[in-house]
Every structure is written in structure tokens, then in C-alpha cells.
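This report concerns only the one structure given below.
These numbers come from the heavy atoms of this one structure, side chains and all, not from hydrogens, waters or symmetry mates.
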Amino acid sequence: MTDQRARAGGRPAARDTRARHRSSLVRAHGPGVSAAKARRWGALYFAEHMLRRMRAYLVTIVVTSVGNPLLYLFSMGVGLATIVDRSGTGSAAFDGVGYLAYAAPALLVSSAVLTCANEMMYPVMDGFKWRRVYYGPHVTPLAPGQLATGHILAVGVRLLVQCLVFFLIMLAFGAAPGPWAFLLVPLGVLTGMAFGAPVMAYSAYIEKENFQFSMIQRFVIMPLFLFSGTFYPLGTMPAGMQWIGWISPLWHGNQLARIASYGLSLPVWLVGVHLGYLAALGVLGIWWARRNYTRRMST
């Protein structure tokens with residue numbers, strides 16, 4: 001009887017198996033549930049999207065994240081640091097440590113600032129003008145502020161990994177002697193965001209690029225890199241130029257990184273100034289960026 005029902009196309013056992021399989025499948029959320037989740041977790045969704053997009057230039061990220069610290073620290077440890085330390089005045093001039101230990105934490109912070117600035121210029125303009133990648137998610141319940149926050153979170157993840165790799169290479173070179181040197185990783189992320197968030201807000205504000213990003217790189221980033229105490233103490237500069245360091249988030253980050261790396265001695269109030277300045281710049285930049293995203297995508 002069973003064979004006859006199977007030949008007749010009934011196949012009750014097969015139908016029961018398919019029914020059980022369909023009941024075990026995860027059902028898609030309805031529009032209301034999906035919209036509610038997007039409104040709640042939209043920033044994380046877009047951060048995941050940005051991280052997946054970074055896979056398109058993953059090789060470049062890996063090469064720069066590993067190659068730059070290797071080249072920097074090798075040139076400092078084998079080249080310039082050897083010359084400076086042999087001069088007999090290196091240790092006294094550089095906080096009582098070797099030149100490699102002095103420069104390495106600042107190089108980590110500088111690399112984070114450069115990376116964050118690049119991620120907050122052309123990719124932001126690309127999202128608004130060239131490929132308009134922000135407008136696809138914007139037709140969903142994701143708000144413009146969530147897109148800005150998601151972009152920031154994705155860049156923060158990249159900075160975290162990059163700073164961690166740089167720190168591990170510093171350990172291999174013996175350039176992070178202090179017990180609190182692991183704090184270089186979050187300090188690098190903090191300094192990168194303190195500089196990158198205002199750049200992101202500016203990128204979202206302008207309508208056309210018009211070589212403005214090139215000018216920022218040449219006339220803002222590079223001078224700060226050279227005049228923020230990266231390679232020599234700020235006090236060795238002429239008094240009329242030391243103000244560049246005080247307004248530069250890079251110098252404040254460099255000082256904090258040296259405290260963590262080898263125990264640079266600074267007054268507690270000055271440590272608070274460094275941390276407060278970086279935190280204020282980061283918070284202000286994120287607020288301004290979210291505001292500009294909302295303004296631009298609401299018109």
C-alpha cells in the first residue's frame with residue numbers, strides 16, 4: 001500500500017521531511033522588526049559594511065601596517081639612533097633613554113594619525129560625491145548620524161589593529177621598556193581619532209574636493225609631524241614655534257605615549273591637559289561630523 005502511494009506521488013515521508021526542514025529554517029524578520037533593529041544597531045551594521053569594504057585594499061593595509069614600523073624602527077635602531085647615542089649627549093637630551101626608545105612611541109602615534117586622516121578624507125568624499133555609498137544605506141532606517149558613527153567605528157578597528165602590530169614590533173626591537181607600554185595601543189587610537197574626527201567633519205562639510213585634501217596633507221599633517229616633538233623635544237625648538245606643538249594633537253599624544261612607553265616624568269596636571277585636549281577634540285569632531293552628515297543628507 002505504501003509503494004502504491006509513493007508511485008501515485010503522495011510520498012508522505014518525503015513531505016513530512018520537507019515540512020520539518022522548513023520549520024527548522026530561520027525565518028526573516030518582518031519589516032517592522034528589521035527597521036527597529038536598524039534604528040538600534042545601525043552604526044554597527046554600517047561599521048561592518050565599511051570593514052568589509054576595506055578588504056578591497058587589504059594587501060595595502062597589511063603591507064603598511066607591518067612595513068612602516070619595520071622600516072621606521074630599523075632605520076632608527078640601526079641608523080640614526082646609533083649615531084645619536086654614540087654622540088654622548090643622546091641620553092641626556094632625550095629624557096635619559098636611547099633615541100630609539102624616545103622616538104618609537106611617537107612614531108606609533110604618528111602612524112595612527114596619518115592613517116586616520118587618510119581614512120577620513122577621500123573615503124568620506126567618496127561616500128557623498130563620487131560613488132555615493134552613503135545613500136544606499138540612507139534609504140533604509142539608518143540615520144545619517146549612524147553612518148558617521150559606523151565609519152568612525154570601522155576606522156577605529158583598523159587603528160586598533162595597526163597600533164597593536166606596531167607595538168608588537170616595538171617589543172621585538174626593545175623599544176618599549178616600560179611595564180605600561182601596552183597603553184600605547186589605546187593612546188594611538190585616541191590620538192588618531194582626535195585628529196581624524198575633525199578632518200572627517202570637514203570632509204563632510206565641503207561640496208567639492210578641489211585639492212583641499214592634498215593641501216591638508218602638505219600644509220597641516222606634515223608640518224605637525226615635523227614640529228610636534230616626534231624626533232626631538234619640543235623645548236629644543238625656537239620659542240616662537242613651540243605653540244605649534246601646543247595646538248597639535250600629535251604632540252599631546254606623543255607625550256602621553258612616552259609616559260606609557262618608558263615613564264616620561266610629567267606633572268599630573270599636564271597629563272590631564274594632554275588627555276583632556278585629545279578627548280575634547282575627538283568628541284567635538286564626532287559631534288561636528290554627525291551634524292554635517294545629517295545636514296548634508298537631509299537636503
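Between Tyr102 and Tyr262, the ring planes are tilted. Angles from 30° to 60° get that label. Between His49 and Phe46, the ring planes lie tilted relative to each other; the angle falls in the 30° to 60° range.
Annotation: the span from Phe182 atom CZ to Phe167 atom CZ amounts to 8.0 Å, rounded to 0.5 Å. Separating the CZ atom in Arg295 from the CZ atom in Arg291 is a distance of 7.5 Å, to the nearest 0.5 Å. Taking OG1 of Thr236 as the reference point, atom CD of Gln242 lies at 8.0 Å (rounded to 0.5 Å). Atom CG of residue Leu100 and atom CZ of residue Phe74 lie 11.5 Å apart, to the nearest 0.5 angstrom. Between the CG atom of Asn210 and the CE atom of Met215 there is a distance of 8.0 Å, given to the nearest 0.5 Å. Summarising the geometry, atom CG belonging to Leu147 is positioned 9.5 Å from atom CZ belonging to Arg290; distances are rounded to the nearest 0.5 Å.
Within a 6.0 Å radius of CH2 in Trp243, no more than 12 heavy atoms belonging to other residues, nucleotides or ligands are found.
Under the 4.5 Å side-chain heavy-atom criterion for ILVMFWY residues, a single connected hydrophobic cluster contains both Met200 and Val220. A continuous path of Ile, Leu, Val, Met, Phe, Trp and Tyr side chains, each step under 4.5 Å between heavy atoms, connects Met241 with Ile221, placing both in one hydrophobic cluster. Cluster annotation: Val283 is not connected to Val199 through the hydrophobic network of ILVMFWY side chains, with a link wherever side-chain heavy atoms come within less than 4.5 Å. Residues Phe219 and Phe195 do not share a hydrophobic cluster, clusters being chains of Ile/Leu/Val/Met/Phe/Trp/Tyr side chains in contact below 4.5 Å. Hydrophobic clustering (side-chain heavy atoms under 4.5 Å, transitive across Ile, Leu, Val, Met, Phe, Trp, Tyr) keeps Leu73 apart from Val63.
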Inset, instruction - Give the C-alpha distance, both sets of side-chain angles, the deciding distance and a yes or no for side chain to side chain contact (heavy atoms under 4.5 Å, CB included) between Asp126 and Arg132. - result: CA-CA 6 Å; Asp126 182 63; Arg132 300 173 65 86; over 6 Å; no

Inset, instruction - Output, in order, the C-alpha distance, side-chain angles, deciding distance and verdict of side chain to side chain contact (heavy atoms under 4.5 Å, CB included) for Asn68 and Leu107. - result: CA-CA 10 Å; Asn68 283 347; Leu107 291 173; over 6 Å; no

Inset, instruction - Check step by step if side chain to side chain contact (heavy atoms under 4.5 Å, CB included) holds for Cys163 and Leu108. - result: CA-CA 7 Å; Cys163 292; Leu108 182 150; 4.1 Å; yes

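Nearest heavy atom pair, residue Ser110 against residue Leu250, reads OG-CD1, 3.6 Å. Summarising the geometry of Pro223 relative to Arg218, their closest heavy-atom pair is CD-O, 3.3 Å, with the distance given to 0.1 Å. Annotation for Leu264 and Gln255: closest pair CD2-NE2, 3.8 Å, computed over non-hydrogen atoms. The two residues Ser261 and Met170 make their nearest non-hydrogen contact at OG-CE, 4.3 Å. Closest approach of Gly196 to Met120, counting heavy atoms only: O-CG, 3.3 Å. When all heavy atoms of Leu278 and Pro249 are compared, the pair lying nearest together is CD2-O, 3.4 Å.
Residues forming a side-chain contact (heavy atoms from CB on, under 4.5 Å) with Thr60 (at least two apart in sequence, or on another chain): Tyr57, Thr64.
Using a 4.5 Å heavy-atom cutoff, the side chains of Leu187 and Arg258 are not in contact. The shortest side-chain heavy-atom distance between Leu183 and Leu256 does not fall under the 4.5 Å cut-off. Side chains of Val157 and Met50 form no contact here, defined as non-hydrogen atoms less than 4.5 Å apart. Using a 4.5 Å heavy-atom threshold, the side chains of Tyr202 and Met121 count as separate. Contact check for Gln212 versus Ser203: no side-chain heavy atoms found under the 4.5 Å cut-off. In this structure the side chain of Val165 reaches within 4.5 angstrom of the side chain of Ile169, judged on heavy atoms. Under the 4.5 Å side-chain criterion, counting only non-hydrogen atoms from C-beta, Leu164 is not in contact with Leu160.
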Could you go through residues 224-235 and list every donor-acceptor pair under 3.5 Å that involves a side-chain atom there, pairing it with any protein atom two or more places apart or in another chain?
| from | atom 1 | to | atom 2 | distance (Å) |
| --- | --- | --- | --- | --- |
| Ser228 | OG | Leu224 | O | 2.5 |
| Ser228 | OG | Ser248 | OG | 2.8 |
| Thr230 | OG1 | Phe225 | O | 3.0 |
| Thr230 | OG1 | Asn254 | ND2 | 3.4 |
| Tyr232 | OH | Leu226 | O | 2.8 |

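With hydrogens and angles disregarded, no donor-acceptor distance shorter than 3.5 Å links the side chain of Glu48 to the backbone of Arg52. A donor-acceptor pair under 3.5 Å links the side-chain atoms of Gln162 to the main chain of Ser111, judged by distance alone. Judged by distance alone, with hydrogens and angles left aside, the side-chain atoms of His252 form a donor-acceptor pair with the main-chain N or O of Trp246 at under 3.5 Å. Judged by distance alone, with hydrogens and angles left aside, the side-chain atoms of Asn292 form no donor-acceptor pair with the main-chain N or O of Ala204 at under 3.5 Å. For the pair Thr140 (side chain) and Pro137 (backbone), a donor-acceptor distance under 3.5 Å is present.
Arg296 forms no cation-pi arrangement with Tyr205, by the criterion of a distance under 6.0 Å to the ring centre and an angle within 45° of the ring axis.
The aromatic ring centroids of Tyr134 and Tyr293 lie less than 6.0 Å from each other.
A salt bridge does not link Glu207 with Lys129: every distance from a Lys NZ or Arg NE/NH1/NH2 to an Asp or Glu carboxylate oxygen is 4.0 Å or more.
Side-chain N/O atoms of Thr115 and Arg158 include no donor and acceptor closer than 3.5 Å. Judged by distance alone, the side chains of Asn118 and Gln217 do bring a donor and an acceptor atom under 3.5 Å apart. Counted by atom type alone, Gln146 and Tyr45 present zero donor-acceptor pairs between their side chains at under 3.5 Å.
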